[in-house]
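Labels below follow one simple rule: chain letters A, B, ... track the order of the sequence lines, proteins then strands, and each chain is numbered from 1. Worth saying up front: this structure is predicted, and the values here are computed from it rather than measured.
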Amino acid sequence: MSDQKESGKAFSKVMINLLKGVMYADEDPKLWQHLLNLQVRVRDYAREIGLSLEISEDEGFAWLKTIEEQGEGEELPRLISRRQLSYPVSLLLALLRRRLAEHDATSSDNRLILSKGDIVEMITTFLPSGSNEVKMVNQVESHLKKVADMGFVRFLRSGKDTIEVRRILKVFVDAQWLNEFDQRIKEYLLSAGGEVKEDE
Amino acid sequence: MSLSYNDILQLFKFHSGWKLLRADSAPLIISFLNKAFIEPNLRSISRSNLISKLEDTLYELRQSENEECYPRSASAYLEDWAHDSKGWLRKFYPDDSDEPHFDLTPATEKVIGWLESLSGRAFIGTESRLMTIFEILRQMVLGAETDVATRIEALEAEKNQIDKQIEAIKNGEVPVLDQTALRERFMQFSTMSNDLRSDFRAVEENFRKLDLQVREKIASWEGRKGDLLEEIFGERDVITDSDQGRSFQAFWDFLMSPSSQEEFSELLQKVFAMDCISSSKPDNRLRRIHFDWLEAGEKTQRTVANLSEQLRRYLDNQAYLENKRIMSILDSISQGALRVKHNMPRNSTFMNLDKLSPDIHLIMERPLFKPNAEIDLSGVILEAEEAEFDSGALFNQIYVDRAELEANIRRELQTVSQVTLCALTEKYPLRKGLAELVCYISIASATHLSVFDEECEESIRWEDSDGRFRRATLPRIIFNRS
């Protein structure tokens, strides 16, 4: 009896945590174990509200995703909303994704940690070179904050200028998303009448 | 390796160990790192910890040498030493910490070891080393022999040898190692043990290099994926099955077996009990060297497991294909992004991305408007008189004599027209720590004759009651005579 109670409580904890955000194995190993044990129940529950449970055991994180209804039948309203991203924020995400891929190819370190300076340097190549550098850095910082709000990067507690790129970024900024981004840039180039040279 | 002119030139220019020897501040770096890492046998030190150690060292140096030497801050030095161009420290983030940690690189460790060997040993034992070499050769020849007859022959010969020895002892001839031979062997034991301990850094580094090679191979692989997997995995695990991996595993298995641990401890104890050894004051750390090995070995073991796991993850089916595709799309995006650089899309929505989780806001969870309640204090009367205790105890924790500090300032201003707080505290060191500093600040703010210069910062140091150095950074405070 108490066993059942216990597992019921664990299930609720798992579910609530998932609804609140990505669950990381290393943040709470015990809860992660519960999740793995209770997978089937969690999946069933999530399906009822139009969500599917995704687990990446290798990477050690789990999250909920909207089930895209295909074919007939009335569509459920989306529980997880979409976030609208401006161009620079989208670009920042793409560049961070590249950093992550390069990091995996060249380092045995699991965590990708960058300084704010690294990020500014990485993106300034793609931003118009204005005269006001301070303003530009501030802008990059505000973009970065947005990315942090989304949960893809995390400011480290130790140094205020150090950032960890969370590996969940891999899942969301995937080939499909990047492809779409690429297409939109191309469309934009066509509609905006092509590029503008610096000296014009 | 060959030591041709070009090889040496290469080492001279690029080897971080040699760079360390050539560095102007080599005495500082090497002595400090030796004290911080090698002496206590530490494998990683957190940044803040290492900075405070270095700060103390720098402070002492500036006191004893001169004020101007080593002008940079401790953190700047550490960053510099860990930079790729130097490579004397390895900076890394442990999985469970947000703070960077530092460890020595094998190159630095080698330099320290080499410098130590320069100081010359009392005598160099040649005999015991020759014996060791003989023993190794014998092991190799015998161990590689597959012919049964030869093996039995060798064992027979050994048996005869032992029989002869037993016979000799029975007849009263007991051969004993003399003191020189014992000391010589002990010295060899101590060098080899210490070497082994320091080898772990190099072993780990080798593992990391191996891992990197594999990653590079994967990243640049052009052929079919099946071939790649075959090439890399074949029938073995690249890391644990390398020479390095096997040797390490065998070492580890031997060290971990309870019987060999027991035997080792027992042997050590007996050796340390010998008169000629204990009288030569051996390094006591050697007594527990096998625990050091265990500790260092365990860390290496974890690194290997980690590397294997991450490599496997990297090779994961989908990730591999997706990474290739992603890189080519990213190239295209970069090109596009460069072309729109001066005419960036301004609209607030360029792309969409699912949030990581649903936003659940329940209307009832929003707090209702609540007027700020004013707390009526008039009715509360604090009756302190009734409580009988000496409130002086609260104030006497640290007593700072304000008059004395004011006198210090006045005395100083008799010879000069103005003096900074920093200069003042150098002449009259803070004895009550922060409380005294605060008192100075309050004196400064009470008189219009002092200036707070917000543009400049000053560091003020003092030694607290535990003998540790503390430092406060504050705007420059200047006391003026008039």
Side-chain angles (χ1 to χ4, degrees), chain A residues 18-22 26 58-59 63-66 79-88 90-91 93-94 97-98 101 104-111 113 125-128 150-151 156-158 164 168 170 172-175 177-182 184-186 188-189 192 195-198, chain B residues 46-48 92-100 207-208 211-212 215-216 218-220 303 306-307 309-314 316 319 321-323 325-327 329-360:
Chain A
L18 279 169
L19 282 169
K20 287 187 124 170
V22 181
D26 52 356
D58 278 347
E59 296 274 12
W63 71 103
L64 293 171
K65 197 177 125 185
T66 307
L79 186 55
I80 300 181
S81 53
R82 293 206 141 146
R83 195 184 265 265
Q84 300 178 330
L85 308 176
S86 66
Y87 169 76
S90 316
L91 183 64
L93 282 175
R97 179 70 182 84
R98 154 168 257 154
D104 282 351
T106 54
S107 164
S108 52
D109 221 345
N110 191 26
R111 302 168 71 183
I113 288 163
T125 329
F126 301 102
L127 300 180
M150 282 184 258
L156 292 192
R157 261 165 287 150
S158 65
E164 175 172 5
I168 188 86
K170 267 171 79 160
F172 281 75
V173 178
D174 57 0
W177 188 89
L178 287 167
N179 205 17
E180 200 183 322
F181 184 38
D182 190 31
R184 294 230 178 138
I185 294 177
K186 286 187 178 135
Y188 174 80
L189 271 169
E195 57 217 274
V196 181
K197 289 270 180 317
E198 192 166 359
Chain B
S46 72
R47 184 164 174 274
S48 56
F92 62 101
Y93 285 85
D95 278 343
D96 52 0
S97 168
D98 273 4
E99 201 189 3
F207 280 128
R208 253 188 267 281
D211 171 82
L212 201 62
R215 275 166 201 270
E216 274 167 9
I218 299 170
S220 61
T303 312
N306 244 341
L307 287 178
E309 190 195 325
Q310 274 160 35
L311 201 56
R312 209 194 52 234
R313 186 188 299 166
Y314 182 56
D316 171 37
L321 285 176
E322 174 136 323
N323 261 350
R325 210 176 133 218
I326 278 177
M327 285 318 256
I329 301 173
L330 278 167
D331 284 339
S332 166
I333 289 177
S334 303
Q335 282 167 22
L338 280 177
R339 288 171 62 195
V340 299
K341 181 171 169 177
H342 296 284
N343 186 19
M344 279 192 340
R346 301 249 168 252
N347 38 347
S348 60
T349 315
F350 195 77
M351 288 292 292
N352 289 310
L353 191 58
D354 276 359
K355 287 191 178 167
L356 292 181
S357 62
D359 303 313
I360 301 171

Residue list, salt bridge (Lys or Arg N to Asp or Glu O under 4.0 Å) with A:K65, at least two apart or on another chain
none
Going from [atom1] on [X] to [atom2] on [Y], what distance comes out if it is rounded to the nearest 0.5 angstrom?
X      : Y      : atom1 : atom2 : answer
B:I333 : A:F126 : CD1   : CZ    : 10.0 Å
A:R82  : B:T349 : CZ    : OG1   : 12.5 Å
B:N343 : A:Y188 : CG    : OH    : 3.5 Å
A:R97  : B:I326 : CZ    : CD1   : 3.5 Å
A:I80  : B:K355 : CD1   : NZ    : 10.5 Å

Is it true that a side-chain atom of A:K186 and a backbone atom of B:G336 form a donor plus acceptor pair closer than 3.5 Å?
no
Between [X] and [Y], which heavy-atom pair has the shortest distance, and what is it?
X      : Y      : value
B:F350 : A:S90  : CB-OG, 4.3 Å
B:L353 : A:F172 : CD1-O, 3.8 Å
B:P94  : A:R111 : O-NH1, 2.5 Å
A:K20  : B:S357 : O-OG, 3.3 Å
A:R184 : B:M351 : NH1-CA, 3.6 Å
A:W177 : B:N352 : NE1-O, 2.9 Å

Side chain, backbone, both or neither: which part of A:R83 has a heavy atom under 4.5 Å from chain B?
both
Interchain contact, A:L19 with chain B, by part (heavy-atom threshold 4.5 Å):
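Answer is both: backbone and side chain atoms of A:L19 are under 4.5 Å from chain B.
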Just give me the residue among [options] that pairs up with chain B most often, heavy atom to heavy atom, under 4.5 Å.
options                      : result
A:D26, A:V173, A:L91, A:N179 : A:N179
A:L18, A:D182, A:I185        : A:D182
A:I168, A:L93, A:D174        : A:D174

Using a strict threshold of under 4.0 Å (side-chain N to carboxylate O), is an ion pair present between B:D331 and A:R98?
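Yes, this pair counts.
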If I measure from the heavy atoms of chain A, does B:S334 come under 4.5 Å with its side chain, its backbone, both, or neither?
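Answer is both: backbone and side chain atoms of B:S334 are under 4.5 Å from chain A.
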